[in-house]
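Throughout, protein chains are lettered first and strands after them, A, B, ... in sequence-line order, and every chain is numbered starting at 1.
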2 protein chains.
Amino acid sequence: MDNAEQKSPQRRRTSARATVTIRDVARHAGVSVATVSRALRGSDLVHPATRERVDAAIEELRFTPSQLGRSLAERRHAANGIVFPDLSGPYYADVVLGYEEVAATLGRSVLILSTHNRESADEMVLELAGRVDGLAVFGRTVHDDVVAEIVQRGVPVVLMARTEIEGADSVRTENVAAAASVVEHLLADGHRRMSFVGDPSDSTDVAERWAGFRGALAQSGAEVPERTIPAGFKEDDGARVAADLVADGLPDVVVCANDELALGLSVALAEQGVQVPGDVAVTGWDDVMAARYAGLTTVRQPMREMGGRAARMLDARISGDRSEPRHDVLTTQLVVRHSCGPHPKEAHR
Amino acid sequence: MDNAEQKSPQRRRTSARATVTIRDVARHAGVSVATVSRALRGSDLVHPATRERVDAAIEELRFTPSQLGRSLAERRHAANGIVFPDLSGPYYADVVLGYEEVAATLGRSVLILSTHNRESADEMVLELAGRVDGLAVFGRTVHDDVVAEIVQRGVPVVLMARTEIEGADSVRTENVAAAASVVEHLLADGHRRMSFVGDPSDSTDVAERWAGFRGALAQSGAEVPERTIPAGFKEDDGARVAADLVADGLPDVVVCANDELALGLSVALAEQGVQVPGDVAVTGWDDVMAARYAGLTTVRQPMREMGGRAARMLDARISGDRSEPRHDVLTTQLVVRHSCGPHPKEAHR
DNA sequence: CCGGTTAATGTAACCGGTACCAAAGGAGAT
DNA sequence: ATCTCCTTTGGTACCGGTTACATTAACCGG
């Protein structure tokens with residue numbers, strides 16, 4: 001016993017930053033570390049009087065249990081990760097919001113990682129996977145084999161807005177039918193020649209929207225464009241497209257892969273003297289806040305719910321759910337505003 | 001030696017999820033754990049041939065070092081936290097974006113926590129503080145004494161958009177002069193009776209904007225309202241204010257504490273037949289994307305840079321910088337748009 | 001052929017918790 | 001008074017890495 005005290009030669013305790021450990025508390029309270037641990041966890045195997053002594057020691061030493069030690073012993077991180085291509089724009093923020101909200105409620109911290117277009121993205125994601133109990137991955141941020149590797153390592157993964165991968169849950173929004181409803185609405189308004197702006201190879205979502213767009217046009221007998229007008233997701237990309245459109249001749253409608261694109265396009269068109277919706281109708285996708293103020297016709301997606309659902313799915317897997325992977329599809333909603341032209345309501349009802 | 005093998009009775013290894021540890025690798029490569037560790041860290045104290053054997057073993061066993069074990073041994077988390085009142089709205093997302101971008105570059109993971117208005121916010125933040133090497137705290141999300149506690153615990157803290165606290169760095173944006181410039185611009189346009197919407201007790205920023213607003217009005221000799229029209233930060237809050245304004249009589253200008261408020265207010269006014277800027281001018285703050293499309297006069301703040309700077313400050317502290325706390329103030333910029341009335345440029349130039 | 005270096009590796013003690021198992025002590029039963 | 005049984009507590013082996021220190025082997029000049 002005396003020896004034990006000798007062994008830990010208590011460095012100058014003047015006021016140095018000596019992190020307080022559970023052993024310090026135990027010594028101070030005159031009990032064993034096991035008892036302190038039990039008191040911490042609220043076990044009922046501790047005598048009230050003892051618990052009081054321990055609590056007093058904790059208070060006095062200002063002890064805070066190390067999350068690291070705890071996690072290592074419990075073999076769990078109590079944290080989930082979420083991976084994004086990019087956090088800019090209003091779209092992703094909502095997903096994170098929903099995710100964080102639910103995760104926090106479930107007692108899990110949230111680690112975020114935005115891959116931008118860094119080459120090191122794959123490594124960063126793998127590293128992240130080693131710090132969490134579960135991982136939500138948005139879109140095509142990482143290669144399929146990286147996701148497979150993580151799944152294979154035993155870390156639950158849920159994919160968001162991305163094609164399914166063996167062994168992982170997924171949540172996405174409905175695109176095909178929504179695209180069709182956009183087209184149908186436009187057709188009913190008398191529009192015929194439609195272009196689609198966006199790059200289907202960029203994301204599963206865009207690919208599906210393009211497919212739905214083509215399908216609906218084909219079914220109606222209207223002219224189906226052979227290819228999309230390729231573009232990214234930013235306002236700048238929209239502006240660039242505007243120039244080409246004016247040069248090449250305007251269609252009746254430009255259906256855009258997202259709102260930022262559509263908004264950038266509209267502004268650029270206006271600057272070149274093209275009236276929206278007078279000369280050309282424009283639609284977007286996402287229903288971001290700016291779309292409301294710009295009067296943009298668009299498709300609303302429940303981004304926040306998507307995040308929340310991803311967090312819940314992960315929680316279930318981490319908690320031991322071993323059922324077949326789930327693949328949820330959230331419904332979307334056409335929001336008609338001014339940018340697709342005055343709707344002749346009388347014409348169809 | 002034979003005994004050692006007995007001791008770890010290798011559970012069914014059919015295909016079970018037996019996490020591979022550094023000791024497995026060591027055994028497999030026929031070296032000690034120290035050597036494996038050295039090989040992992042890229043120490044030059046490992047013979048090339050040995051390194052090769054170790055690498056082969058790592059590859060074969062698909063070994064990934066546990067971040068937990070590593071962090072515990074190294075006594076660092078390699079992660080930073082960022083705390084928000086709420087992640088909704090375009091404003092915070094930008095800060096997180098800037099923060100994450102820089103933190104990732106510096107090799108630190110990012111943990112986010114949104115306190116919403118949960119009662120347990122304080123505990124959650126304290127818990128978070130135990131998982132990170134440094135913490136960025138936005139606005140009045142947590143009480144001063146909680147921040148002080150964290151600082152005192154030795155965790156570097158940087159405050160964003162919040163009054164300074166002993167021992168912590170801070171970054172904020174300039175408010176007083178910006179508010180004055182808004183007022184001056186409006187006065188130059190001939191406006192006189194101005195109201196301010198927002199709750200100064202809500203945030204340091206709002207308090208400073210209100211102060212700058214009053215100061216500039218007082219200096220010009222114009223009438224200074226005694227109190228603000230209290231409101232939160234959401235579009236709904238703006239809509240509620242609109243009703244009161246119409247009932248009580250309109251001023252010439254309504255200066256709002258942020259853009260969402262201003263936008264919600266404008267729409268609600270329009271619905272009640274009040275023209276903006278014809279009957280009343282409206283200004284906001286933040287310059288969110290929707291403000292551009294709504295033509296809202298506002299003040300632009302470098303949110304992204306604020307986040308980035310916070311991340312860099314934290315990094316310096318974590319890396320051992322012991323200099324006096326820094327308090328950075330970022331400059332803001334008045335953005336004049338349609339909502340404050342046609343600017344009679346000729347009048348003053 | 002030998003003491004002194006230097007390179008390469010092994011041993012084991014941490015890091016800060018959790019939890020299994022054994023042990024001590026008191027109450028109640030016989 | 002003795003024997004169970006139950007409550008409470010202590011000792012200690014983990015969790016999975018890092019690293020100080022010891023050890024061994026090879027190489028050097030004299």
Side-chain angles (χ1 to χ4, degrees), chain A residues 1 3-4 7-9 11 17-54 57-58 61 63-78 127 130-131 133 153-154, chain B residues 1 3-4 7-9 11 17-54 57-58 61 63-78 127 130-131 133 153-154:
Chain A
M1 275 300 146
N3 262 342
K7 272 183 190 166
S8 52
R11 293 147 209 162
R17 164 121 17 269
T19 40
V20 181
T21 78
I22 199 172
R23 288 164 230 267
D24 297 324
V25 176
R27 197 174 317 136
H28 200 267
V31 297
S32 73
V33 291
T35 300
V36 178
S37 179
R38 278 189 284 256
L40 279 174
R41 330 268 345 237
S43 158
D44 51 358
L45 282 164
V46 186
H47 192 90
T50 311
R51 181 184 303 273
E52 225 165 278
R53 288 222 310 288
V54 172
I58 289 174
L61 297 174
F63 166 72
T64 334
S66 151
Q67 297 295 332
L68 278 175
R70 185 168 276 182
S71 290
L72 187 59
E74 289 180 345
R75 320 181 71 168
R76 64 188 224 110
H77 300 264
E127 209 267 353
R131 303 176 147 266
D133 299 320
R153 218 184 256 181
Chain B
M1 278 299 145
N3 261 341
K7 271 182 190 167
S8 52
R11 293 149 210 160
R17 164 112 27 262
T19 40
V20 181
T21 77
I22 199 172
R23 288 164 229 268
D24 298 324
V25 176
R27 197 174 317 137
H28 200 267
V31 298
S32 73
V33 291
T35 301
V36 177
S37 178
R38 281 189 281 258
L40 279 174
R41 327 275 336 246
S43 157
D44 51 358
L45 279 164
V46 185
H47 192 90
T50 311
R51 182 185 301 273
E52 225 165 278
R53 288 221 313 287
V54 172
I58 288 173
L61 297 175
F63 167 71
T64 333
S66 152
Q67 298 296 331
L68 277 175
R70 184 167 277 181
S71 289
L72 187 59
E74 289 180 343
R75 317 180 75 169
R76 62 186 225 111
H77 299 264
E127 210 268 352
R131 304 176 146 267
D133 299 319
R153 220 183 256 180

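- Among the protein residues, A:Gly30 comes within range of the sugar-phosphate backbone only, with heavy atoms under 4.0 Å from sugar or phosphate atoms but none that close to a base.
- Scanning for side chain to side chain contact (heavy atoms under 4.5 Å, CB included) contacts around A:Ser32 gives A:Ala34, A:Thr35, with sequence neighbours left out.
- Evaluated for a side-chain contact (heavy atoms from CB on, under 4.5 Å) with A:Leu40, the options A:Val25, A:Val54, A:Ile22 yield exactly one hit, A:Ile22.
- Considering CD of A:Glu127 and OG1 of B:Thr64, their distance stands at 11.0 Å, rounded to 0.5 Å.
- At a threshold of 4.5 Å between non-hydrogen side-chain atoms, the residues A:Thr19 and B:Arg75 count as touching.
- Whole-Å rounding puts the A:Gln67 CD to C:dG17 P distance at 9 Å.
- An OP1 or OP2 oxygen of D:dT18 is reached within less than 4.0 angstrom by no side-chain nitrogen or oxygen of B:Arg75.
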Sequence neighbours excluded and cut-off under 3.5 Å, please list the side-chain donor-acceptor pairs for residues 41-48 of chain B, or say none.
residue : atom : partner : partner atom : Å
B:Arg41 : NH1  : B:Glu74 : OE2          : 3.1
B:Arg41 : NH2  : B:Glu74 : OE2          : 3.2
B:Ser43 : OG   : B:Leu45 : N            : 3.0

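- D:dG16 atom P lies 21 Å from atom CZ of B:Arg76, rounded to whole Å.
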Could you list, one pair per line, each protein nitrogen or oxygen that sits under 3.5 Å from a nitrogen or oxygen of nucleotides 19-27 of chain D, together with the distance?
residue : atom : partner : partner atom : Å
D:dT19  : OP2  : B:Arg41 : NH1          : 3.4

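- Between A:Leu61 atom CG and C:dG17 atom P there is a gap of 12 Å when expressed in whole angstrom units.
- If you take CG of B:Leu68 and C1' of C:dG16, they are 12 Å apart, rounded to a whole angstrom.
- Comparing atom distances between the A:Pro65 side chain and each of C:dG10, D:dG17, C:dG17 picks out C:dG17 as nearest.
- Using a 4.0 Å heavy-atom cutoff across all strands shown, B:Leu45 reaches at least one base atom of the nucleic acid.
- A 3.5 Å limit on both hydrogen-bonding distances identifies C:dC1 as the Watson-Crick or G-U partner of D:dG30.
- Within 3.5 Å, no donor on the side chain of B:Arg70 pairs with an acceptor on the base of D:dG16, nor the reverse.
- Backbone-only contact: B:Thr64 has heavy atoms under 4.0 Å from sugar-phosphate atoms and none from a base.
- If you measure from atom CZ of B:Phe63 to atom C1' of D:dG16, you get 8 Å, rounded to the nearest angstrom.
- Residue A:Glu52 contributes atom CD, which lies 15 Å from atom P of D:dT8 at whole-angstrom precision.
- Under a 3.5 Å cut-off, the side chain of A:Ser37 and the backbone N or O of A:Val33 do not form any donor-acceptor pair.
- For C:dC15, the OP1/OP2 oxygens have no side-chain nitrogen or oxygen of B:Ser71 closer than 4.0 Å.
- Atoms CZ (B:Arg51) and C1' (C:dT9) sit 13 Å apart, rounded to a whole Å.
- Between B:Ser32 and the phosphate of C:dG10, there is a side-chain N or O to OP1/OP2 separation shorter than 4.0 Å.
- Between B:Leu40 atom CG and D:dT18 atom P there is a gap of 6 Å when expressed in whole angstrom units.
- For the residue pair B:Arg131 and A:Gln67, the shortest heavy atom distance occurs at CG-CG, 3.7 Å.
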